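Notes follow once the structure below has been shown.
Keep in mind it's a predicted model, so treat the numbers as computed, not measured. Naming: A, B, ... by sequence-line order, numbering from 1 per chain. Every heavy atom of this structure was used, including side-chain atoms; hydrogens, water molecules and symmetry mates were not.
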Amino acid sequence: MDDIEAWPGTMTDTNTAPHSRRIPWDALAVAPFIVFAVMFLFLPTLSLIGAAFTDRQGHFTFDNIVGLGAGQIVSAYWISIRISGASALLGALIGLAITLAIIRGRLPAPLRSAVMTFSGVASNFAGVPLAFAFIATLGRLGLVTIILRTVFGFDLYRSGFNLLSFWGLTLTYLYFQIPLMILIIAPAVDGLKKEWSEAAQMLGASPWQFWRYIGLPILWPSFLGTLSLLFANAFGAIATAWALTGSNLNIVTVLLYNQIRGDALQNPGLGAALALGMILITSLANIIYLVVANRAERWMK
Amino acid sequence: MNNNRLWAWLIFALGAAYFIVPLLATFEFSLRMRRGEYSFDAYASVFADPRFAASFGYSVLIGLCTIVVGVLVVVPAVYFVRLRMPWLKPFMEFITLLPLVIPALVLVYGYIRLYNSSSLIPLTGSALGTDILLTGAYVTLALPYMYRAVDNGMRTIDIGTLTEAAQIMGASQWQIIVQIILPNILVAILSGAFLTFAIVIGEFTIASLLNRPAFGPYLVGIGTNRAYEPAALAIISFIITWGAMGMINLLGRFAPRTSPRTD
Amino acid sequence: MASEFLRVQNLTKTFGTTTVVKGVSFAFGKGEFISLLGPSGCGKTTILRMIAGFENPSAGSIVVDGQDITSLKPNQRQLGMVFQAYALFPNLTVGDNIGFGLKIAGLPAEQRRVRIADMLKLIGLSGYEKRYPYELSGGQQQRVALARAIAPSPRMLLLDEPLSALDAKIRVSLREEIRAIQLDLGITTVFVTHDQEEALSISDRIVVMNAGSIEQLGAPHEIYNKPASRFVASFVGQLNNIDAIVTDAAAKTVTIDGQAARVPALPADAKGPVTLTLRPEVLAVGARDGNDITLAGTIADVTFLGSVIRLRVSLGRNMVSLDTFNDQRTVPPARGEPITISLAGKDLLVLQG
């Protein structure tokens, strides 16, 4: 301890050192992140917004936005919204039911950790392989289709089902939507204290009344938040749909994909407007969530 | 109360059926290549295809680059924002949520417009440039997950106190990061890394639009041309995803924990 | 004691292979404040949870006001409960929390409002009706929890360590408040605590529990002054243990580190080493009227506690604690000083085995 001057960072050390010679660690450390966000998030988005309001000659125009009103584009948006909405809502409800079953239903603890691990895998098992799996399951030669026909005498496809349809795609999307819901909502369900349900019971409430007045209202903001996330997740998805149906299904991501590949709309401005519309719809889903959650969360810090 | 548990078991059983049947069906389908008997011919066919090895290898390489770049971008930023610039935190959270709101397809459209061969930064003009662009796109895609993993890691070890303790003992800023912070959040970083890997390895949209020979576009090609190989590839992909998630789980057991502050 | 209101008969609870409550029986009258006191794991909380209905007894019965409630569901028992961690519903305002039980009972909104206002007045939080729980301090939250529990006029109030999450000062004031409200309403109350001071200060009667069984049941002064077992003596209050050697059992004399003393409580068949116990407050510095034993020793430690100074006195092998009042006109004794202490032989209890 005789050589205290050798200790860096002592009071004298920092006070005598000229301020300018200190490396501005803070700024240097955050700079890559900012640069990255600008290059890969802000600029591309701004460029698309700009393009959406620009005509071929480079002049400002609303024509591209107006062009979104064309029948094919509107119906593409509409199918996308319906599939995303249905798969998000069903995924959220089923995911919540499963989460409640494993956490509140007092199923064995190993089962719970198995479900969580599997959810981690399944929520990432999206895209092309998922489409392959569902073709092998519910396609015309899929195992379930064949078993239903040969063992139960039920012809799935003659009854009107088609994997390449609205319900087929929704059913497929649920394979990653439900696990995602489970992963995100589980901490919120864990946060429901046992004492709350006990206190409600002591005050005469039935289990149903507990969920009606306490449990579900507390989960509601998390539920809504996850719902909007699931919606955006399905709305922007393309790989599964592409691998299932090729370019046959008229959803907005397939339309945009074709536009990027080969200017299928024959108007780059219209393509940008299409992309802008997608951002607006997913943002709207988030804004609805924020507004509703903000009202529902008055009781939170 | 027993009624309750019955319901719980019923819901669990239905859910388990929905998730397990497609896996069984896919596996069964993948074994059907040889007429009249089960065989692993489809798997043999997949592994014999040189494009499988090439595209998979390419995607692994891009995945590793994505992880390295992602860590370099995220870790210092999270550390210094937590420590010195907490007012920047809402902004960072907003940025890291954007990739969940803006579809990847839209972003890649923006990249192609912005970084085409006639622009100021002509990344798509060369193969290397496009690889860099692809890596950047994947870092963006994985940003929410990498950020959350690292942020959680730093929260559980209470970096503020650790840093102050190290400073009292005379450690320099560099020593603190390399010798104190990094070893303690290594598990969190690796968790983020494996999650990134699982997301990137089979990614189709961006790779195909940037025309890179990645695993995702290869899968789609096989899907349109072959009957049984896609099922085998689905099983292989599932096993890879499971492996990545299994590693995260395994790592979680080694995560350092300090008692959380009760403030 | 008033007529019997709560009777717990042969209550037993087994989890797997371990029995945490072993055939406990007690009975109390209407309006009594009863404490279940014991260290953690003694079964006191399990008993409370069985009374509440959250645990099913493995054997035995619980009767409240003549009704066997053993197999009733918690929401049919008409009891009120306050939890350790407040357990206020975070999504409801203070008013809605207090009114929750009334709403479930189907009370019209107008009557609910009146009752809520009465309750808020009772706990001294009038005007807090529209606040949310997170906006309140711990002590305020626990008062709201108390109001919520008593608002539907339950037959009995169950308190599960309601004070242990609070700061020391608030703990004392809230416990006085709880006792005042309980006396005011005349509501039979079962209070679970591991804090002996809390139990002594607040209860009509105390059930001291250890390892799933009742060690002693009695009024606070009985528990403290006449502990029925070595466990009760050591768990409730401070206690000095003194090792002594019997010199003449018939004459009831012993030696304590070589100093003679007469112990009236010494059994006639005692011989060899015995352990004597006594409370710190029966020891006096110097002589005192009625004290027939004086012992010489050395001050080993001095702890200044404000109004009281606690001395540790070495008598040789034995070490005893005693408290003296802080006299502001004199300097406190110092470590190492010789000291003479005195006590009355009749205050010494003899523990064998």
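- Contacts between A:L174 and chain B at a heavy-atom distance below 4.5 Å involve backbone atoms as well as side-chain atoms.
- Interface residue B:A137: only backbone heavy atoms are found under 4.5 Å from chain A.
- For the set B:G202, B:G246, B:P103, B:G216, the entry with the most heavy-atom pairs within less than 4.5 Å of chain A is B:P103.
- In this structure, the side chain of B:Q167 does not engage the main chain of B:M169 through any donor-acceptor pair within 3.5 Å.
- At a 4.5 Å heavy-atom cutoff, B:I248 makes no contact with chain A through either its backbone or its side chain.
- In terms of modelled atom types and a separation under 3.5 Å, the side chain of B:N225 and the main chain of B:I222 share no donor-acceptor contact.
- Of the atoms belonging to B:S30, not a single heavy atom falls under 4.5 Å from chain A.
- Proximity to chain A involves both the backbone and the side chain of B:Y18, based on heavy atoms less than 4.5 angstrom apart.
- Both the backbone and the side chain of B:L100 come within contact range of chain A, judged by heavy atoms closer than 4.5 Å.
- Interface residue A:S47: backbone and side-chain heavy atoms are both found under 4.5 Å from chain B.
- Between B:W9 and B:F12, the ring planes are perpendicular. Angles over 60° get that label, and only those under 30° would be called parallel.
- Partners of A:R112 by salt bridge (Lys or Arg N to Asp or Glu O under 4.0 Å), not counting sequence neighbours, listed by chain and number: A:D190.
- Among A:A101, A:P207, A:P32, A:A232, the residue making the largest number of heavy-atom pairs under 4.5 Å with chain B is A:A101.
- Ranked by heavy-atom pairs under 4.5 Å with chain B, the list A:F235, A:Y257, A:F134 is led by A:Y257.
- Looking only at side-chain heavy atoms (C-beta outward), B:L143 and B:I95 come within less than 4.5 Å of each other.
- Residues A:F125 and A:F176 place their aromatic rings such that the two centres sit no closer than 6.0 Å.
- With chain B as partner, the option from A:I98, A:V144, A:I260, A:N286 having the largest number of non-hydrogen pairs under 4.5 angstrom is A:I260.
- At least one donor-acceptor pair closer than 3.5 Å links the side chain of B:E203 to the backbone N or O of B:I206.
- Put simply, of A:V121, A:L43, A:L107, A:L143, the one with the most heavy-atom pairs under 4.5 Å next to chain B is A:V121.
- Taking the six-membered ring where the residue is Trp, the centroids of B:Y218 and B:F56 are separated by 6.0 Å or more.
- Ring orientation note: the planes of B:F238 and A:F118 are tilted relative to one another, at an angle of 30° to 60°.
- Heavy-atom distances place both the backbone and the side chain of A:M39 under 4.5 Å from chain B.
- Heavy-atom pairs under 4.5 Å with chain B peak, among A:L141, A:I94, A:I34, at A:L141.
- Ranked by non-hydrogen atom pairs under 4.5 Å with chain A, the options B:S208, B:A244, B:A198 are led by B:S208.
- With a 4.5 angstrom heavy-atom cutoff, B:V139 touches chain A via backbone and side-chain atoms both.
- Both the backbone and the side chain of B:L133 come within contact range of chain A, each with at least one heavy atom under 4.5 Å from a heavy atom of that chain.
- Contacts between A:F33 and chain B at a heavy-atom distance below 4.5 Å involve backbone atoms as well as side-chain atoms.
- Heavy-atom neighbours of A:F42 CZ from other residues, nucleotides or ligands within 6.0 Å: above the threshold of 12.
- Neither the backbone nor the side chain of B:Y79 comes within contact range of chain A; no heavy atoms are under 4.5 Å apart.
- Between B:Y115 and B:Y111, the angle of the ring planes lies from 30° to 60°, which puts this pair in the tilted group.
- Interface check for chain B: of the options A:W242, A:Y175, A:F231, the most heavy-atom pairs under 4.5 Å are formed by A:Y175.
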